[in-house]
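The structure under discussion appears below in the form of structure tokens.
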Protein chains: 2
Amino acid sequence: MKSLRLTKQKKAIIDLLSPRKDHPTAEDIYSAVRKLIPKISLATVYRNLEIMAAAGIIMKIEHEGLNRRFDPDTSAHSHFICVECGIVEDIPFNLNNESINQIDSWIGKRKILRSRLDYYGLCGVCANE
Amino acid sequence: MKSLRLTKQKKAIIDLLSPRKDHPTAEDIYSAVRKLIPKISLATVYRNLEIMAAAGIIMKIEHEGLNRRFDPDTSAHSHFICVECGIVEDIPFNLNNESINQIDSWIGKRKILRSRLDYYGLCGVCANE
DNA sequence: CCCTTATTGATAATAATTATCAATAATAAT
DNA sequence: ATTATTATTGATAATTATTATCAATAAGGG
């Protein structure tokens, strides 16, 4: 009977990620959490981020060209990715379900678990250049 | 005046990719094209795939957990990714623009270049297990 | 044909993530 | 409580996909 232990490492990672809106990478989180637990290992950070993502506590987000990032907001929402500077912004609207309904007849035996709608472009700063 | 030369390597890669519906990786294309040009280098395959994707001749597709794949179909279309076996299927419907319109007021100075709507789930085969 | 420049092939380098494994910490059993 | 059991950690090695390097080759223009 394996139990999931909420270690001080996991707690520190969650506490650190929770308030953030900037979708940090594992490396970002590592350098931040090191201020609290200097001896924490990068592997532990990766490991626990994956475990917590699998448990649905946080969300793993992967986008073209960028390395993996993590988001404390697990609700269905879209991201805007600047192709110039790589910033990832939340889009404050939910993905509408029309496209999902549209493909109903195509689905057949397939089972759709989730969808992802993302936007790529230039952020406010990069658009002025 | 740099010109883009359609070398026999590029031609072989396109000819090979064009009829395929299975979204092969660079490695897949490499092993296939080696039957035509045994001495072709993996680097050449990667290089030319990137060049042709940048030129808009083919499309580069990147999805969570999978390595980069290439698609001869450059039209806007969604993909269905099986989280079990990793197969990438085309969804024969276009992304509707409603979600894009919905975020108009949020856009501000941002410039949206493209969007991507993908579905994750279990394919017909994997759903029966 | 020669000259210039793009492209190739071979290989080294990079970089992010994952695996390994002995040491440690947490919980459970006695 | 003390010991036994099991999960987790930290350190580091391994992996793997992709990118960079660079001398050699090939292509096309004049």
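Chain letters run A, B, ... following the sequence lines, proteins first and then strands; every chain starts at 1. Here the structure is a predicted model, which is why all the values come from computation and not from measurement.
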How close or far is atom [atom2] of [N] from atom [atom1] of [X], stated in whole angstroms?
X: A:L36; N: D:dG10; atom1: CG; atom2: P; answer: 13 Å
X: B:H63; N: D:dA17; atom1: NE2; atom2: P; answer: 18 Å
X: B:K11; N: D:dA27; atom1: NZ; atom2: P; answer: 14 Å
X: B:E62; N: C:dT17; atom1: CD; atom2: P; answer: 13 Å
X: A:E50; N: C:dA16; atom1: CD; atom2: C1'; answer: 12 Å
X: A:N67; N: C:dA16; atom1: CG; atom2: P; answer: 6 Å
X: B:K60; N: D:dA17; atom1: NZ; atom2: P; answer: 16 Å
X: B:N48; N: C:dT8; atom1: CG; atom2: P; answer: 5 Å

*With distance as the sole criterion, is a donor-acceptor pair present between the side chains of A:H23 and A:D90 under 3.5 Å?*
yes
*asked:* Less than 3.5 Å apart, any donor N or O on the side chain of B:R34 or B:S31 sitting next to an acceptor on the other?
replied: no
*In terms of side-chain geometry, is the basic nitrogen of A:E64 or B:K60 positioned less than 4.0 Å from the acidic oxygen of its partner?*
no
*Tell me what A:R68 touches on the nucleic acid: a base, only sugar-phosphate, or nothing, going by heavy atoms under 4.0 Å.*
sugar-phosphate
_Heavy atoms only, 4.0 Å cut-off, all strands: where does B:E27 land among base, sugar-phosphate and nothing?_
nothing
Respond yes when some side-chain nitrogen or oxygen of [X] is under 4.0 Å from OP1 or OP2 of [N], and no when none is.
X: B:Q9; N: D:dA26; result: no
X: A:K8; N: D:dT8; result: no
X: B:T44; N: C:dG9; result: yes

The side chain of [X] is closest to which nucleotide in this list: [options]?
X: B:K39; options: C:dT8, D:dT18, C:dA10; answer: C:dA10
X: B:R47; options: C:dT11, C:dT7, D:dT21; answer: D:dT21
X: B:A43; options: D:dT8, D:dA11, C:dT11; answer: C:dT11
X: A:R5; options: D:dT12, D:dC22, C:dA26; answer: C:dA26

*Let me know, please, whether B:L6 or B:L66 comes out on the 5' side of the other along DNA chain D by nearest nucleotide.*
B:L66
*For B:T7 and A:Y46, take the nucleotide of DNA chain C holding the closest heavy atom to each; which residue's nucleotide lies nearer the 5' end?*
B:T7
*asked:* Going by purine N1 to pyrimidine N3 plus the second Watson-Crick contact, or the G-U wobble pair, all under 3.5 Å, which nucleotide sits opposite C:dT30?
replied: D:dA1
_Could you check whether any side-chain heavy atom of A:R68 comes within less than 4.5 Å of a side-chain heavy atom of A:I61, counting everything from C-beta outward?_
no
*Is the count of non-hydrogen atoms from other residues, nucleotides or ligands lying under 6.0 Å from A:E84 atom CD greater than 12?*
no
